[in-house]
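Labels below follow one simple rule: chain letters A, B, ... track the order of the sequence lines, proteins then strands, and each chain is numbered from 1.
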Amino acid sequence: MQILVVDDDPLACEMTATLLEFQGYTTVMANDAMEATQQLDSLDTIGLIVSDMHMPLINGIEFLKMLREQGVTLPFILLTGDSPDSTLMQTPGLNACLQKDAELESTLGNAVTQALNG
Amino acid sequence: MSSSAPTLQQKLNQLRQRFIEQLPARLQQTATKWQQSRLSAEAESRLAPEFHRFFHSLKGTGRSLGFERIAMLADQGEELLKAMPDSAGHAVNDINSLIPELFQQLNEEIEYLQSQHGQQTVLASLNSVEFSSVAPQTRSKRQRLIYLCDDEPDQVGQLLHHLRCFGHEVVHFEDTESFFNAVLTRRPDAIIMDVQFPQGNTAGTETLTSLNKLIGERLPSIVLSSYGDFYSRLSAVRAGCNGYFTKPIKPLDLMLAIDELTIPLDEEPLRVLVVDDEPDAATYHSLILEEAGMIVQQVNHPADALSALDRFSPDLLLIDVYMPVCSGEELATIIRQQSAHIGLPIIYLSSETDSQKQLSAMTAGVEAFITKPVTPDELVSAVRLRAERLHLLRSLMTQDSMTGLYNHSTTTDLIGKTLAQAYREGSQHAMAMLDIDHFKTVNDTYGHLAGDQVIITLSRLLKTRLRISDIIGRYGGEEFVVLLKGVNAKRAAELIDELRHDFELVDFHAGGERFRCTFSAGISSFPNQPSTEALRLSADQALYLAKRQGRNQVVISNEDDAKGKAEPNQPGAKKQ
């Protein structure tokens with residue numbers, strides 16, 4: 001199983017991937033939603049998606065909606081620089097919405113475990 | 001993972017490094033685009049999402065990587081941009097100056113982070129603070145890191161002296177900006193903050209408010225102000241400050257307030273001795289108790305329990321009832337037969353559920369009977385409840401109520417034990433007897449409260465400056481005794497003389513008056529003096545000599561002095 005990490009900031013993308021890899025997961029990176037879609041099409045090993053919210057063209061939540069419309073039901077975790085607001089968190093099909101902060105290492109680890117087991 | 005593979009910390013540090021390296025170019029690029037966007041409405045709306053994304057990404061990544069100040073500046077940028085489309089003309093003008101100003105501040109922050117010092121401290125603090133649950137404890141338990149932020153240097157000199165005199169590490173900042181950055185890189189134990197700065201009448205408290213908001217916790221802080229008015233005080237309350245002092249400040253009062261704020265009530269961990277013949281069971285129960293913050297030792301043979309009791313002096317004994325050699329009940333009886341352990345709480349741990357058998361076991365004088373398997377919560381609360389009672393009783397019995405130092409009998413007892421061990425190890429120790437000079441005059445002139453203040457101050461000075469392993473006791477009245485472990489008479493005299501020098505500069509206040517106090521000290525040493533009594537007599541004689549020679553000096557006993565005759569340790573010492 002691989003985790004697809006989507007973020008338009010390459011460094012942020014790498015950081016999220018690093019945190020996940022140190023928790024024992026393997027990762028694939030994409031710098032926008034289009035690239036992410038291509039990865040999903042070519043790899044059938046992806047088991048979960050962690051995406052940034054603010055990205056050019058298609059943002060994280062639009063990307064989720066797009067996937068759900070296409071019938072992709074993979075667990076989806078959204079990362080955002082803001083403190084997550086409740087309406088965003090209640091988006092159907094969203095497993096977790098996490099703030100990018102110094103606690104990300106633990107919050108992300110927990111959210112992934114929960115999304116995969118729940 | 002192989003040993004050569006980078007750890008998560010190393011990998012994150014590499015990313016931090018790259019973040020700082022890449023940022024100037026990104027910033028430069030964005031600043032240029034910002035200038036372009038100012039040229040036409042079309043350019044402005046075309047580039048707007050890009051700026052928003054820049055600040056937003058900087059905020060998220062900066063915060064995740066632990067660069068809190070960059071994240072905060074980026075957040076300000078994002079907020080400014082959000083306000084932009086609805087603003088009237090003058091707000092846009094503000095933006096025209098505020099955004100470039102933010103770029104400038106970001107640049108300065110990067111320069112700071114890139115500087116050798118900035119980078120090292122940030123990376124070091126990130127390593128230990130942001131991503132680890134336990135902050136490193138580099139200072140001694142009683143020393144504190146204090147940040148003092150005040151832009152009036154003439155007012156802080158004396159404060160700095162007093163705080164340092166009590167062994168605290170004090171860093172002084174003249175402006176809120178450098179103070180702000182310092183807190184983000186290295187958290188202090190307490191903050192002393194002036195309210196008024198050139199930037200504003202409440203700039204000090206505002207800085208505290210934004211800091212607390214940014215780091216999500218309330219930093220222990222005390223406010224200094226030239227004003228005692230309602231609004232100054234209100235700003236301090238809103239900033240979550242723990243104390244408010246109006247200038248001129250009595251340094252000692254401030255020092256005591258800092259102590260109150262930072263020293264938790266004697267929170268020595270509870271000590272538990274586990275006696276169980278099954279090492280696995282003993283380890284399991286020890287782990288549960290250690291997890292709850294207790295210090296645990298285990299013994300797997302009942303015969304070792306007695307010597308462990310003496311060596312470890314636990315607050316509670318946890319005994320397995322069924323052991324070969326002797327039962328828990330027999331062990332409890334043996335322990336209870338010794339007067340030194342009569343008050344020691346004992347808890348039995350057993351799989352025995354027969355209440356009749358439990359009852360008979362209780363007759364040996366145990367406090368509780370817990371049946372295995374025990375839930376961790378149950379074990380911890382049973383142990384804590386009983387051990388704390390003894391802990392408290394013991395501290396009441398062994399401590400002097402005014403100073404919290406050991407009382408006369410406990411001091412003698414502890415010194416006796418140390419000497420017994422010193423014989424076996426062949427180690428050397430020094431004893432210092434201290435006596436406050438002209439103490440009766442202090443009481444008569446300034447009142448007993450002032451006298452108490454002097455005693456408390458000297459005891460705090462001894463406590464904060466000497467090592468935790470040293471034995472510090474109040475022998476009664478204004479007399480103190482200290483056993484400095486592992487040092488000879490000469491070194492002890494040097495250490496005590498430093499304290500003497502600092503103590504004579506402490507200002508005491510009584511009513512409107514200000515006064516200073518001094519102390520004299522006599523030093524003796526082991527094994528020159530082979531017993532507690534001999535040490536005491538010898539130190540006392542030296543103290544007497546110090547008094548006779550004019551007070552405010554430290555004298556080594558002539559039997560301990562290498563030259564064979566008593567003389568002041570510091571020939572130039574000031575005499576009262």
Item to complete: Supply the atom-to-atom distance Phe19(B) CZ to Leu65(B) CG, rounded to the nearest 0.5 angstrom.
Response: 6.0 Å
Worksheet item: Using non-hydrogen atoms only, which part of Glu78(B) is less than 4.5 Å away from chain A: side chain, backbone, both, or neither?
Response: side chain
Worksheet item: Does one side chain, of Gln2(A) or Thr45(A), offer a donor that lies under 3.5 Å from an acceptor on the other?
Response: yes
Worksheet entry | Portion of Arg53(B) that has a non-hydrogen atom of chain A nearer than 4.5 angstrom | side chain
Worksheet item: Checking heavy atoms, do the side chain of Gln99(A), its backbone, both or neither come under 4.5 Å from chain B?
Response: side chain
Worksheet entry | Under 4.5 Å from any heavy atom of chain B - which part of Met55(A) | backbone
Worksheet item: At a heavy-atom separation under 4.5 Å, does Asp8(A) approach chain B through its side chain, its backbone, both, or neither?
Response: side chain
Discussion item. Tell me whether the count of non-hydrogen atoms from other residues, nucleotides or ligands lying under 6.0 Å of CD in Glu35(A) goes above 12.
Written reply: yes
Worksheet entry | Residue pair Ser37(B) / Glu44(B), side-chain donor-acceptor N/O under 3.5 Å | no
Worksheet item: Taking every heavy-atom pair that is under 4.5 Å apart, which of Leu79(A), Thr80(A), Asp52(A), Asp82(A) has the most such pairs with chain B?
Response: Asp82(A)
Discussion item. For a salt bridge (charged side-chain N to carboxylate O under 4.0 Å, His left out) check, start with the C-alpha distance between Arg46(B) and Glu42(B), then their side-chain angles and the critical distance, and finish with the verdict.
Written reply: CA-CA 6 Å; Arg46(B) 178 167 50 85; Glu42(B) 180 273 327; 3.1 Å; yes
